[in-house]
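We number each residue from 1, following the sequence as shown. In listed order, ligands and their atoms are each counted from 1.
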Amino acid sequence: MSSKVIIIGTGFVGMSYAYALVNQGTVEELVLIDVDKEKAIGEAMDLNHGLAFGPRNMAIRAGDYSECKNADLVVITAGVGQKPGESRLKLLSRNASIMKEITKNIMNVGFDGLILLASNPVDILTHVVQKESGLPTNRVFGSGTSLDTARLRYEIGNQISIDVRNVHAYIMGEHGDSEFVCWSNANIGAKPLKDVINSMDSIQFEDMAHIASRVRNAAGEIIKRKKASYYGVGMALVRITSAIFNNENRILPLSVYNNGEYDCDNLYIGLPAVINRQGIHHIVKLSMNDEEDTKLKNSSKILRGHLEGIGYY
Ligand code: NAD
């Protein structure tokens, strides 16, 4: 089965993803597209020179939108920053127009695959791309809270000295300020996190509160020090890509279209979902406590407000 991936936006995030794809040998064909065509060409050359040391052969090249025709997955990592004095809403509507243009270019050549977004604000832009593409909601999704969840799992594992891969917990809601930890469904192996902590003398459950704020502030802390964050999200995008091409039925917290599964607006928001070769198979419905239900509704209200602000709700 073919595995042709197009990356649109060869900046820090796009190229961290590309570099991780090459290192893990996830796909057989990779095409790079950017408004800065020379950058895309240079990046493709650089990656090709690493193939001799990689796990498999791959076809890597810079290209244009005609490459989308027979692509299996398009990953959008294009982004523009805030102009001095520009409001968040103005930036949002500028980003939405860019996504509209990109989506038009992808769909014009008869694209019929999956679209994954990482560009921020990811929940809103995923909504825009789905509406503009006309593709079914299960075939358009965003990285959502996958990076935030990876940060959460890292912090919890670190706190209780357990391997991050045995930490099962999700950040849900908006990929942004209103996201929250779903503590009621946090497990270590098969044991509820609360029970694990109760059995430890050195730590109280209340000590976990600072973890949520560390995760929420992580992007800001990284950006303050190195201007952008990209390795973590690059690896999150590879995980999502592997789940697709290996038809894994993997549960990942992604920006997916809530179609009544959760008691909040029907829009793109970070929820755990099963993903495979066809895209989002279904959303995993967790039973949350009242506080978590309220936080999800609040997050959805914020996203809806932004969508209304740009005329997409
Ligand atoms: P960057 O500035 O390094 O790269 C952006 C790239 O997009 C540039 O190469 C630029 O030329 C290209 N571009 C701009 N407009 C384009 C268009 N119309 N068509 C094609 N290419 C275009 O930025 P970055 O650090 O790579 O961040 C990219 C996006 O990823 C941002 O929106 C950022 O907020 C987001 N991000 C998301 C997460 C996440 O968890 N989802 C994490 C980090 C960053």
Side-chain angles (χ1 to χ4, degrees), residues 6-20 31-44 46 62-65 67-68 74-83 86 88 91-108 115-129 132 141-152 154 170-177 179 215-241 252-256 268-270 303:
I6 313 282
I7 298 179
I8 302 177
T10 59
F12 284 117
V13 172
M15 291 319 299
S16 299
Y17 167 54
Y19 185 59
V31 179
L32 307 178
I33 299 178
D34 199 288
V35 275
D36 183 346
K37 289 190 178 147
E38 289 300 316
K39 170 126 173 40
I41 293 169
E43 293 288 4
D46 207 356
D64 58 29
Y65 282 94
E67 291 273 11
C68 295
V74 169
V75 182
I76 305 179
T77 55
V80 289
Q82 214 153 350
K83 286 181 181 163
E86 188 177 41
R88 283 182 82 181
L91 175 68
L92 176 56
S93 75
R94 205 151 54 89
N95 270 317
S97 320
I98 290 170
M99 289 306 138
K100 196 172 163 182
E101 181 68 26
I102 288 175
T103 309
K104 201 173 80 194
N105 292 336
I106 297 169
M107 299 311 295
N108 271 351
I115 302 183
L116 164 62
L117 267 95
S119 307
N120 276 323
V122 70
D123 302 290
I124 296 173
L125 297 184
T126 305
H127 196 101
V128 169
V129 169
E132 293 297 334
F141 39 88
S143 55
T145 47
S146 53
L147 172 62
D148 321 67
T149 293
R151 287 172 174 154
L152 173 73
Y154 163 76
Y170 301 112
I171 298 272
M172 292 171 63
E174 173 199 12
H175 170 62
D177 293 342
E179 67 186 28
V215 170
R216 201 177 306 111
N217 299 330
E221 288 293 323
I222 296 171
I223 290 166
K224 192 167 85 189
R225 289 171 174 84
K226 52 174 278 195
K227 298 194 172 61
S229 100
Y230 35 90
Y231 299 133
V233 66
M235 291 180 75
L237 294 172
V238 173
R239 180 88 283 305
I240 299 165
T241 306
L252 292 168
L254 302 172
S255 186
V256 290
Y268 277 90
I269 190 163
L303 289 171

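Taking the six-membered ring where the residue is Trp, Tyr230 and Phe12 present parallel rings, their angle staying beneath 30° rather than reaching 60°.
No option in Thr241, Thr77, Thr10 other than Thr241 meets the side chain to side chain donor-acceptor pair (under 3.5 Å) test with Tyr17.
At a heavy-atom cutoff of 4.0 Å, ligand 1 is surrounded by Ile8, Gly9, Thr10, Gly11, Phe12, Val13, Asp34, Val35, Thr77, Ala78, Gly79, Ile98, Ile102, Ala118, Ser119, Asn120, Ser143, Leu147, His175, Ser229, Val233.
Environment of NZ in Lys39: crowded, with over 12 heavy atoms of neighbouring residues, nucleotides or ligands closer than 6.0 Å. Within a 6.0 Å radius of NZ in Lys226, other residues, nucleotides and ligands contribute more than 12 heavy atoms. In this structure, Met15 places its CE atom where more than 12 heavy-atom neighbours from other residues, nucleotides or ligands lie under 6.0 Å away.
Shown here are the salt bridge (charged side-chain N to carboxylate O under 4.0 Å, His left out) partners of Lys37, two or more places apart in sequence or in another chain: there are none.
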